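Everything below concerns the one structure shown next.
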Number of protein chains: 2
Amino acid sequence: MEEKRYRQVQNFLKLQIQKGYYVVGDYLPSENELCSTFSITRTTARKALEELMKEGFIGRQHGKGSIVRERRQSLGLLTVKGFSEAVGKDVTTVFLQHPQPGFWNPEIHFPISENEIRESCIHFARQRCVGEIPVMIEYNWLANTHLEGIGDIAFIDGSFFKTLSQHYRIEIIGSEQELRAENANKNIAVLLRIPLGSPILHISLKFHTSKNNFYIYSELYCNTVNYPIGNSYHL
Amino acid sequence: MEEKRYRQVQNFLKLQIQKGYYVVGDYLPSENELCSTFSITRTTARKALEELMKEGFIGRQHGKGSIVRERRQSLGLLTVKGFSEAVGKDVTTVFLQHPQPGFWNPEIHFPISENEIRESCIHFARQRCVGEIPVMIEYNWLANTHLEGIGDIAFIDGSFFKTLSQHYRIEIIGSEQELRAENANKNIAVLLRIPLGSPILHISLKFHTSKNNFYIYSELYCNTVNYPIGNSYHL
DNA sequence: CGTTTTTACTTGTACGTACAAGTAAAAACG
DNA sequence: CGTTTTTACTTGTACGTACAAGTAAAAACG
């Protein structure tokens with residue numbers, strides 16, 4: 001079967017956004033313009049735009065048009081955009097380890113499929129700071145077969161998810177997470193510059209992506225004393 | 001202006017679900033049936049059903065119909081359905097304090113509006129257990145002006161949110177939350193039967209409801225050693 | 001009697017039309 | 001020149017039609 005008309009238009013526009021032809025704040029072509037350029041009816045054009053809105057790429061304003069948005073559905077606890085919003089402060093990021101081939105670590109909380117274990121693994125780790133104070137340590141693992149050259153390029157705007165979208169056309173479509181309050185072990189205590197045994201928030205994450213069988217695993221350790229993790233959800 | 005036709009149908013069906021005329025698993029009338037009973041076109045009927053799906057009341061199955069669902073969008077961390085899903089186990093609930101008039105407590109993390117402070121306040125507290133082991137202590141506050149008789153009735157299926165929906169026709173439409181890892185104070189340690197100073201997960205919640213200016217404030221204290229808080233999100 | 005085909009439903013996609021309602025700039029007014 | 005009205009766009013709602021595609025039971029078949 002041929003792909004549905006509205007999905008063709010939807011994916012075309014999505015690609016334009018991902019490629020940066022439209023940036024945040026830009027208006028997409030109006031429904032009527034889409035009608036004539038794609039030879040479709042407004043019903044179909046509207047369906048394409050409504051799907052893009054559901055996916056979080058655009059917002060729609062009555063009387064004005066469809067505006068490109070920062071894609072930031074709250075996925076579990078942290079937004080797609082990232083950590084800065086969750087603590088509501090400007091966050092600086094320091095790489096503890098740049099992306100490079102490594103091994104799947106038993107620290108990963110969610111079970112890893114046999115397929116993933118057979119493949120090699122990319123690992124990177126970052127320290128997030130507010131001002132000079134480290135507030136989160138973040139470890140990430142992912143299969144080595146989906147992101148060619150990830151070790152050689154800088155993250156777009158320092159964001160892994162943005163790089164995933166714009167460079168590899170892979171979107172985050174869901175997540176699973178588990179939360180625990182724990183005592184900081186020696187390693188974490190040193191990295192967060194807190195006393196051994198301080199209470200820390202440990203978040204285990206498994207991100208689902210638009211690419212089949214490709215998941216991203218993260219283990220986050222947060223010092224929430226001064227900057228609690230916050231988010232919000234609205235229907 | 002008169003209310004939109006699709007919203008009339010949407011709200012009519014929602015009320016039927018809230019009143020229990022349709023229960024989870026039931027099929028709503030088909031699009032064509034809605035067309036004839038409400039004298040509308042399928043466009044309008046479909047819009048009403050699609051809105052109900054967005055709100056989480058129903059699911060739609062190609063070739064079959066619209067089926068009533070348990071409404072359980074993940075709202076922040078915990079689902080609307082409640083705590084049992086978040087820990088993935090059967091949870092028993094013990095009231096530490098039944099709903100009764102009380103005072104706004106400074107323990108509430110999110111700021112309370114002047115209007116709310118002027119009104120009196122309903123408070124209730126619960127202990128959630130897996131088997132015999134307490135895993136969460138939950139304190140709740142809400143303005144006294146919206147839920148007449150809440151102190152005199154039992155919660156439907158033990159769920160406050162279900163009671164809110166079916167008895168008062170009030171739905172949760174959003175939430176804000178903040179998360180902290182803390183050391184258990186004396187009170188919490190006793191209630192959770194853990195040593196003083198054990199790491200606990202403290203969740204501050206402000207639920208937004210379908211009723212204007214009516215919010216529900218909760219402070220949760222979780223022992224995550226054996227039962228971490230888990231949830232998932234999918235586009 | 002067991003299998004295949006048909007039928008009668010369901011929702012999904014896509015066509016097309018008309019007007020309501022919001023927005024913002026251009027044009028007309030006094 | 002400042003205010004009001006008009007105009008030309010935008011998306012939103014609602015009408016109506018036709019066929020595609022999924023589902024499940026009834027009917028026909030061998």
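Heavy-atom basis, side chains included; hydrogens, waters and symmetry copies ignored. Since this is a predicted model, take the numbers as computed values, not measurements.
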So which nucleotide does D/dA24 pair with, by the Watson-Crick or G-U wobble rule with both distances under 3.5 Å? C/dT7

Check the angle between the aromatic planes of B/H146 and B/F214 and answer parallel, tilted or perpendicular using the 30° and 60° thresholds. parallel

Of the listed nucleotides (C/dT11, D/dG16, C/dT10), which one gets closest to any side-chain atom of B/E33? C/dT10

Does A/K47 put a side-chain nitrogen or oxygen below 4.0 Å from OP1 or OP2 of C/dT13? yes

Which whole-number value in Å describes the distance from B/Q61 CD to D/dA21 C1'? 15 Å

When rounded to whole Å, the CZ to C1' distance for the pair B/R7 and D/dG12 reads 11 Å

How long is the line joining CD1 of A/I58 and P of D/dT10, in whole Å? 15 Å

In whole angstrom, what separates B/E31's CD from D/dA21's C1'? 14 Å

Does the distance from a Lys or Arg side-chain N to an Asp or Glu carboxylate O, for A/R7 and A/E3, drop under 4.0 Å? no

Can you figure out which of D/dT23, C/dC15, C/dT10 approaches the side chain of B/K64 most closely? D/dT23

Closest non-hydrogen atoms of A/T93 and A/R128, given as atom of the first, atom of the second and distance, are OG1-CD, 3.4 Å

Regarding the side chain of A/T41, the nearest nucleotide among C/dA14, C/dG22, C/dT11 is C/dA14

Output yes when at least one side-chain N/O atom of A/S30 is less than 4.0 Å from OP1 or OP2 of D/dC9, else no. no

Give a yes/no verdict on a cation-pi contact between A/K47 and A/Y6, requiring under 6.0 Å between NZ or CZ and the six-membered ring centre and an angle within 45° of the axis. yes

Tell me what A/I40 touches on the nucleic acid: a base, only sugar-phosphate, or nothing, going by heavy atoms under 4.0 Å. sugar-phosphate

Between B/F161 and B/F207, how do the two ring planes meet: parallel, tilted or perpendicular, split at 30° and 60°? perpendicular

Of A/R5 and A/G63, whose nearest nucleotide on DNA chain C comes first from the 5' end? A/R5

Nearest to side-chain heavy atoms of A/H62, which nucleotide of C/dC15, C/dA20, D/dG22: C/dA20

Look at the side-chain N and O atoms of B/T44 and state whether any lies under 4.0 Å from the OP1 or OP2 oxygen of D/dC15. yes

Check the distance between D/dA20's P and A/Y6's OH and give it to me in whole angstrom. 18 Å

A/R42 has a side chain; which of C/dC19, D/dG16, D/dA18 sits nearest to it? C/dC19

Compare the minimum distances between each of C/dT23, C/dG12, C/dT10 and the side chain of B/R60, then state the nucleotide with the smallest one. C/dG12

Applying the 3.5 Å cut-off to both distances, the Watson-Crick or G-U partner of D/dC29 turns out to be C/dG2

Can you measure A/R46 atom CZ to C/dT17 atom C1' for me and round it to whole angstrom units? 14 Å

Rounding to a whole Å, what distance do you find between A/K4:NZ and C/dC15:P? 15 Å

Tell me: CD of A/Q8 to C1' of C/dA14, nearest whole Å? 12 Å

Determine: side-chain N/O of A/T43 to OP1/OP2 of C/dA14, distance under 4.0 Å, yes or no. no

Pairing partner of C/dG16 (Watson-Crick or G-U wobble, both distances under 3.5 Å): D/dC15

In plain terms, say whether A/K14 and A/E51 are close enough for a salt bridge, that is, a side-chain N and a carboxylate O under 4.0 Å apart. no

